[in-house]
Amino acid sequence: MTRYSAFRLLREGLRGHSGWGQAWRSPQPKPAYDAVIIGAGGHGLATAYYLAKNHGVTNVAVVEKGWLGGGNTGRNTTVIRSNYFYPESAALYDLSVRLYEKLSRELNYNIMFSQRGMIVTAHSEPEMEMAARQVNAMRLNGVDAEFLDRDQVRKMAPLLNFGPDMRYPIHGGVLQPRAGTGRHDAVAWGYARAADALGVDIIQNCEVLGLIVEAGRCVGVHTSQGDIRAGIVGAAVAGHSSVIAGMATRDLPITSYALQAFVSEPLKPVLDTVVLCPPFGTYISQSDKGGLVIGGGLDRIPSYGQRGNMPVQETVLAGLVEMMPALASVKLLRHWAGIVDVTPDSSPILGPSGLDGLYLNCGWGTGGFKAIPAGGYLFAHILATGQHHEISRPFDLARFETGHLIDEGAASGIAH
Amino acid sequence: MTSHRTTRAALIDLGKPLRFTFDGTAYQGFEGDTLASALLANGVRVMGRSFKYHRPRGPLGAWVDDPNAIMGVTLNGRSLPNCPATTTPLEDGMQARAVNAWPSARFDIKGGLDLFHRWLGAGFYYKTFMWPDWHLFEPMIRKMAGLGDISRNVLEDYCADQVHDHCETLVIGGGAAGLAAARAAAEGGQNVVLVDDKPVLGGGVHQLAGVEDFAPRDWVASEAHAIEAAGGRILTATTAFGIFDHRMVGLVQNGPFGTAPRLHRMRAARIILATGALDRPVTFASNDLPGVMTIDAACEYLARYAVLVGKRIGVLSNNSLADDKLAMLAEAGAEVVRLNPADGAICALGRKQVRCVAQGRNSHKVDTLLVSGGMTPLVHLWRHAGGKLDWCTERQAFLPGAAPEGMVAIGAAGGTFDLDAALAEARAAGSGVPADAIPSRYKLTPLWPEPGSKGRQWIDFQHDVTLKDVELAARENYVSVEHLKRYTTLGMASDQGKTSNMAGLAAMAAVQGRPLPEVGTTTFRPPFVPVPIELYHGHHEKQLWHPLKRLALEQEHREIGAALGEYGGWLRPGWYGTGDAKAHIRQEILTARNAAGLFDASPLGKIEVIGPDAEAFVDFIYYNTISTLKPGHIRYGFMLTEGGIVMDDGVIARLDRNRFVISCSSSHVGSVRTHLEAWRQDGNDPDRIFVHDLTDHWATLTVAGPKAREVLTDLALDMDLSPTAFPHMTMRETRFAHSPLRVARVSFTGDLSYEMSIRRSKAAELWQALVAAGERIGAAPIGVEALSILRAEKGYIMIGKDTDGETMPHDLGFGVPRQKKKVAFIGDRSLHSVKANGARRKMLVGLTVSVGDKALPTGAHLVEGTPLQSVGYVTSSYDSPTLGHPIALALVENGTERLGESISVWHMGETRMATISAPCAFDPEGARLNA
Amino acid sequence: MQIFPCPFCGPRNETEFHFAGELGKERPDTTQEVAAPDWATYLYAQRNEKGPVREVWMHLTCSELFVMERDSVSMEVVGSGSLREGAE
Amino acid sequence: MRNDSNKWDAPAALTVGHTENGVALTPIELTRQTLISGPRVLSQADWSIVGWPGIAPTPPYALSLRRDRVLLVDGPDMADGWQEDTQRAISDASDAYSVFDVSGDRAFEVLQRGAELRLDAESKSVARLLFGIGVLLYRVNTEDQFRIHVASSHAEALVKSLKLAISALRSAGQGNSRPEDALSKTS
């Protein structure tokens, strides 16, 4: 691996950048690996990286139907945060934020985690009471949180509508100062490059067509590049988790929906933080390039079509104009959609699939990007040890039988 | 002055001169100009600076394809950022400024950045800025990035009109093919709409010497008239920006500068795509110099705006379409120097504009260099709709392949570049009568980027992506087309790669030695051109955004000084009176406790369940057993989700054997109605159960307080009000003002209370009677805020406030049906899950504080252990005027087993103590309730 | 903006409809013992198929609960039928 | 605590008509509206059944709402509740809906701002969403007189939307470029 640094960049600049090596190889699949991970998105690549780094399991293949990082990792709105209510969620997502904070230097790849804070606004007295409940919960969970009044919100996000005819007047909000955004592609590329350097084979354009099941155990995958046997198989395929589970004739508590995102033309800086206004169902941040990155709620129709639908576009964007009317004339450059895997409690599923040898990392719904380091870290632990990590245990599939759902939306009204 | 206005007849109105400025300098143009054409007419070449290196740039294209000339424009006090000069119609008084340049595009102080370009290549930022920390570098980078600046002021009346429309045949593109197709379709009797994104129809037709023996303008006019005469409609200045599911086409219709465009949601049974093709730029050293332009753009400037882009023009073309066009330029007075691509790579020379073009050892002094690398059909919309693309080797382009249902591509959009063939194809598509295809005369020699060649060869002009960047991406194995795009940012600029994507693909193909089609294309995403966010917003604003429901008595409440607010989707009186709200609320509570409060409870649900199976149905719907309820009686109960969570609470009354009325919470009426309808039809006999939501028919007025009976007595209703004849939890039907009146003895305050429902149109009469009767005994209207405290004193819950998404009925002290109810009901099995039976359930309790302590903050957590762990939270907390001390409700783990225990209350880092108590703090024996 | 066919009202805009779950969910008889996995399957398990799907939808303006067949990738709607006739 | 009385317009006098751009919005007084549900209400042909884009006759007429429900307009008084012999559930809903007529040459254009409407797409039900609000929409008397029943509590919002749509017709008249306009710019 060519190490990246300012010095190296300086030197390469002087010799036409001829010395940079491949960020990752394009290997042919071997017939067998100790572990095969389906899906070279953020979670799959991070899993491979931590398997190699934390557990010394380097004989690993990550198989990917398309190009690495091409699913939701490369389609999201790049928000990273851990403003959760339940201790179980806080432990999971704050592990992720803490790993993200060190990730650029750990991977030697600048993922541009920019901790400029995230505000969730509150628009009535009852919402302020819920916000207080949320801030208290976060602090008790050991996560940074500040309770903002109207003036403090205004100071941080002056673009918001503070006019008298604002449909949902802003009373205040919850700030997580350590939240922010990262460069989504860089997360995938950084993990890919680091995993590759540790010996992991990342095999792109390799679609899993079926599972190899022998004596009731999953021992590998049939792929478009041939059969690959594996000591253990982990699936991290987000919106397509049901498709993989279907190969094992199992129904998961997952419904796939399109989630849309939007980016505007680049503007000089106008917005420093991430802002989410729940009653409008819209959130926004400004990327380092200057584009406003806009997101909202799920489409209303279960879908595997990676494109958005007009009614939701209108809801999200109209909501944006209501919350920040000065953006009405800003032009939209592009919108797109990813397929997200939504569970009944909007919390992820980590752990055994029910088929011996096959493990799941899925159900992240609309919030998988922020969880990539933790998802990979914990999934690697599960694959390497066959056991849950304390942080992943509550997210086992078994919770749907015991009733121990972790439903953040129901607890706090905070959207995922 | 190299570029200049000629005397050629064009589409501008020389009788209407327009004044404008660019970067502070005054110029003149004409009606019909774009900002770009008017500037070119004035000899201005440098119209912008590139995103990264701040390189001087002039227009490369003449319409939506141009990546370079981006301006902030102000007119009549309205400023819009990032306006493409090539598509912004000129208006009198416009002040334009190049974005990303200061003080001007011509002299930009950041121009020096270009000197450092060798360190700022593709993805350089991924390799550095990691030590000590990204946050150190980011602010500077953010400031450097971005294009235009927005005014933070809100534009008044900037509101998009939004319409729905439909047609049988939608023709997108008003060039030769589009016009001919629309005419044929309209004359064939179809309902046709033709849209064209330019203000003037005709597409590239105006460049031609003639069309079918007509002068171009006459031909365009006659086609347009024929379309309209046959009943077709034509929308100009209207761009189809996206095709969505089920052939819904988004059209943006632009008006004058500064006004919001109109959105047409056009549903088309059939779509004819006649969007034309773009002339591709050619990749060579310094191909970004102002003065380098596509041939097609130069001809458009001449044909539409009478602007000749240069005097001595070098031309490099690899295809047969260039010849006719060159004649037009020569005719207008340009000296044309042709360069043959076969003679080797060319190189443009100059500083802020092209001065010379070199090819091998030859060099030619030119002031303009026109290039054409072949035509790229505009297939964006085809791909939005799910159409496939096929690579055409002859044309060296991706052409529409397998068609989406109901869609066809014609003319240049379909790869048919010859006029006669395009017209024949268009008429066949429009009329549905097939025609023989005319063989293509279009010839070209592939001319793609050559890896390893010298100089800085620009591929994405706005984003400053060069051939070397593509080579670097390949070297580092970012070879997938999406990786290439994302790593180099190629195609991600505000033009979305209209000119750069093909060059980028070709470059990657060449670097890797792969056939171009194997590299693939990136996804074409809407919108085809940038559209203002307002387009999606329209009139759905302010009061019309989730509009509140209005009470029948709103006017009456206003007249007596109600402070109205939003409560559960309704606009309701929060309290009455101006000034100190808290004092008013306190007084209202005391009135309700000492005399009676008059409360407008109209938003309470009134959903009737009617039919022979109604009894069994409500038993299934409710947690509680309802079937044992006698007519005229009322029961409090819960509806659960199948997950066993409390979804709504409220009372249900039995009107007769086959008829119940459900009084659900105000904000849950819609969801309860849907819930009932779904279960009625799924698993029950829908012919024997009917659900009538009559919430809006009935207004509901409540009299609550110890003197409530006196108020009702005053109304002289035909009924016995004595507690024995009309006890708590019963309902009577009578008449008031000749209308049916339902009186229910239910209470949400803990005092004697009558809830009266009357048809909406009679509500005012009843209200006035109540107010008059109330005045005599000291009763007065009370608002929602007072009621919230009154009910909390009694320990009555509000779903969603005092419960959360985990609360089950046994957490609220209602455990019996869970153990005893024999028939199936929604959520029953979930009430016995491991978690439902678990030891640490959060249960509803009250909290009391020491004498003299302030009320607990709502939202505070109850904590235990080290480190502190949350075991619950305060859900409602008030100073109780009735009791003279604070009260609170809370959800606490195992709460009901811990009555009397002391517990820590934690809020924003501070801890207080409270004692766990029963939720009901007022009249726990219920003497006042049953009075 | 999709068009869904309500079996009673005919084709209507998608905004008038609400997704009510996959077809084929049968409520266990809860007056008998229901094993936790069976209840969890009833409550939560989804086929979530990629491609042709059969789902239950509600047309909110007429409250009709009906079965719709469509493709979850192409968004093409194949048809719809009354829940009373079409139940599995 | 907020007092939003001034933020929300006092309910416009819903009893007063409004005419602009040749389109009239007129409040309508009906004597009775009755919800009638039952397995055979559509086939028990006591009244003429009105669907979309049907033109209702002189009252009484029955608006077809669902497979098993009609709203009887200006019908006779009936007792609320379950009618065993006819198998009908009956409720007086006279005040549940406010009623308006939108009429004029361009009335349909106004309505098209609120929904994807087609006159050539028949529907058995008159119930639909208009400007996102549930309404009953059909025609009375003539081709361009549209009648709307809207839940009384939402009448204020619907009227506001209709008025905005009626005034938007003005700009639409100017914005729709015709080829003459487009080519008149040529010199």
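Remember, it's a predicted structure, so these values are computed and weren't measured experimentally. So you know, we letter chains A, B, ... as the sequences are listed, proteins then strands, and number each from 1.
Nearest heavy atom pair, residue A:A326 against residue B:V154, reads N-CG2, 4.0 Å. Considering every non-hydrogen atom in both B:R525 and A:Q306, the closest pair reads NH1-O, 2.7 Å. Heavy-atom minimum distance, A:L333 versus B:A493: CD2-O, 4.0 Å. Heavy atoms only, all atoms of each residue included: A:L405 and B:K835 are closest at O-NZ, 4.1 Å.
B:V481 places none of its side-chain heavy atoms less than 4.5 Å from the side chain of A:W67. The shortest side-chain heavy-atom distance between A:K289 and B:H463 falls under the 4.5 Å cut-off. The shortest distance between side-chain heavy atoms of A:L332 and B:P532 does not fall below 4.5 Å. Contact check for A:R25 versus B:N477: no side-chain heavy atoms found under the 4.5 Å cut-off. Contact annotation: the side chain of B:R486 approaches that of A:W189 to within less than 4.5 Å [non-hydrogen atoms, C-beta and beyond].
Between the side chains of B:K127 and A:N108, not a single donor N or O lies within less than 3.5 Å of an accepting N or O. Inspection of the A:R183 and B:Y126 side chains reveals an N or O donor paired with an N or O acceptor under 3.5 Å. A donor and an acceptor atom, one from each side chain of A:E129 and B:Y873, are nowhere located under 3.5 Å apart. Looking at A:R334 and B:Q496, their side chains do bring a donor and an acceptor atom within 3.5 Å of each other. Judged purely by distance below 3.5 Å, without hydrogens or angles, the side chains of B:S494 and A:E265 never pair a donor atom with an acceptor atom.
Interface remark: A:A137 contributes backbone and side-chain atoms alike to the contact with chain B (heavy atom separation under 4.5 Å). When heavy atoms are compared at a cutoff of 4.5 Å, A:I111 does not approach chain B at all. Using a 4.5 Å cut-off between heavy atoms, B:K801 contacts chain A through both its backbone and its side chain. Contact of B:L472 with chain A is made through the side chain alone, with heavy-atom distances under 4.5 Å. Contacts of B:M908 with chain A are made by both backbone and side-chain atoms, with heavy-atom separations under 4.5 Å. With a threshold of 4.5 angstrom between heavy atoms, B:A260 does not approach chain A through any atom at all. Heavy atoms of A:H184 lying under 4.5 Å from chain B belong exclusively to its side chain. The parts of B:L147 that come within reach of chain A are both its backbone and its side chain, each placing non-hydrogen atoms under 4.5 angstrom from that chain. If you measure heavy-atom distances from A:E12 to chain B, you find no contacts under 4.5 Å at all. In this structure, chain B has heavy atoms under 4.5 Å from both the backbone and the side chain of A:N136. Neither the backbone nor the side chain of A:P87 comes within less than 4.5 Å of any heavy atom of chain B. Heavy-atom distances place no part of A:A398 under 4.5 Å from chain B, backbone and side chain included. Proximity to chain B is limited to the side chain of A:L159, based on heavy atoms less than 4.5 angstrom apart. In this structure, no portion of A:P126 lies under 4.5 Å from any heavy atom of chain B. Only the side chain of A:L320 comes within contact range of chain B, judged by heavy atoms closer than 4.5 Å. In this structure, chain B has heavy atoms under 4.5 Å from both the backbone and the side chain of A:Y109. Contact annotation for B:S877: neither backbone nor side-chain heavy atoms come within less than 4.5 Å of a heavy atom of chain A. Heavy atoms of A:E146 lying under 4.5 Å from chain B are absent altogether. Only the side chain of A:V135 has a heavy atom closer than 4.5 Å to any heavy atom of chain B. Residue contact with chain A, scored on non-hydrogen atoms closer than 4.5 Å, involves the backbone of B:M144 exclusively. Contact of A:S124 with chain B is not made at all, since no heavy-atom distance falls under 4.5 Å. Contacts of B:V863 with chain A are made by side-chain atoms alone, with heavy-atom separations under 4.5 Å and no backbone atom involved.
Comparing B:S480, B:G148, B:S833 by heavy-atom pairs within less than 4.5 Å of chain A, the highest count is held by B:G148. Contacts with chain A were tallied for B:I70, B:L80, B:T807, B:I150; B:I150 has the most, counting heavy-atom pairs under 4.5 Å. Interface remark: of the candidates B:F124, B:F129, B:W906, B:W906 forms the most heavy-atom pairs closer than 4.5 Å to chain A. Top candidate by heavy-atom pairs under 4.5 Å with chain A, chosen from B:R118, B:H483, B:K143, B:R152, is B:H483. Annotation: maximal heavy-atom pairing with chain A below 4.5 Å, among B:H537, B:E806, B:H117, occurs at B:H537. Interface remark: of the candidates B:H546, B:R78, B:E138, B:E138 forms the most heavy-atom pairs closer than 4.5 Å to chain A.
Residue pairs meeting the salt bridge (Lys or Arg N to Asp or Glu O under 4.0 Å) criterion with at least one partner in residues 528-538 of chain B, sequence neighbours excluded, are absent.
The aromatic ring centroids of B:W134 and A:F113 lie 6.0 Å or more from each other. Taking the six-membered ring for Trp and the full ring otherwise, the centers of A:W24 and B:Y478 sit less than 6.0 Å from each other.
Here the straight-line distance linking atom CG of A:D288 with atom OH of B:Y125 works out to 10.0 Å at 0.5 Å rounding. Remark: A:F7 CZ to B:T128 OG1 distance equals 12.5 Å, nearest 0.5 Å. With rounding to the nearest 0.5 Å, the separation of OG1 in B:T489 from CG in A:D185 is 11.5 Å. The CD1 atom of A:I301 lies 7.5 Å from the CG atom of B:D245; values are rounded to the nearest 0.5 Å. Atom CH2 of residue B:W545 and atom CE of residue A:M323 lie 10.5 Å apart, to the nearest 0.5 angstrom. Atoms CZ and NE2, from A:R139 and B:H861 in turn, are 11.0 Å apart once rounded to the nearest 0.5 Å.
With hydrogens and angles ignored, the 3.5 Å screen pairs no side-chain donor or acceptor of A:N110 with any backbone N or O of B:M130. Judged by distance alone, the side chain of B:H135 and the main-chain N or O of A:R116 form no donor-acceptor pair under 3.5 Å. The backbone N or O of B:V874 lies less than 3.5 Å from no partner atom in the side chain of A:R133, so there is not a single donor-acceptor pair. Judged by distance alone, with hydrogens and angles left aside, the side-chain atoms of A:W20 form no donor-acceptor pair with the main-chain N or O of B:E476 at under 3.5 Å.
A salt bridge is defined here as a Lys NZ or Arg NE, NH1 or NH2 lying under 4.0 Å from an Asp or Glu carboxylate O, and A:R167 with B:E566 meets this definition. Salt bridge status for A:E322 with B:K542: absent, with no side-chain N to carboxylate O gap under 4.0 Å. With respect to the salt-bridge test (charged N to carboxylate O, under 4.0 angstrom), the residues A:E314 and B:R265 qualify. At a threshold of 4.0 Å, the pair B:D133-A:R105 does not count as salt-bridged, since none of the basic side-chain nitrogens sits closer than that to a carboxylate oxygen.
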Next item on the list: With side-chain contact (heavy atoms from CB on, under 4.5 Å) as the test, would you mind laying out the steps for A:K331 and B:I533 before giving the verdict?
Entry: CA-CA 6 Å; A:K331 291 188 283 298; B:I533 295 171; over 6 Å; no

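Applying the 6.0 Å contact sphere to CZ of B:R840 captures no more than 12 heavy atoms from other residues, nucleotides or ligands.
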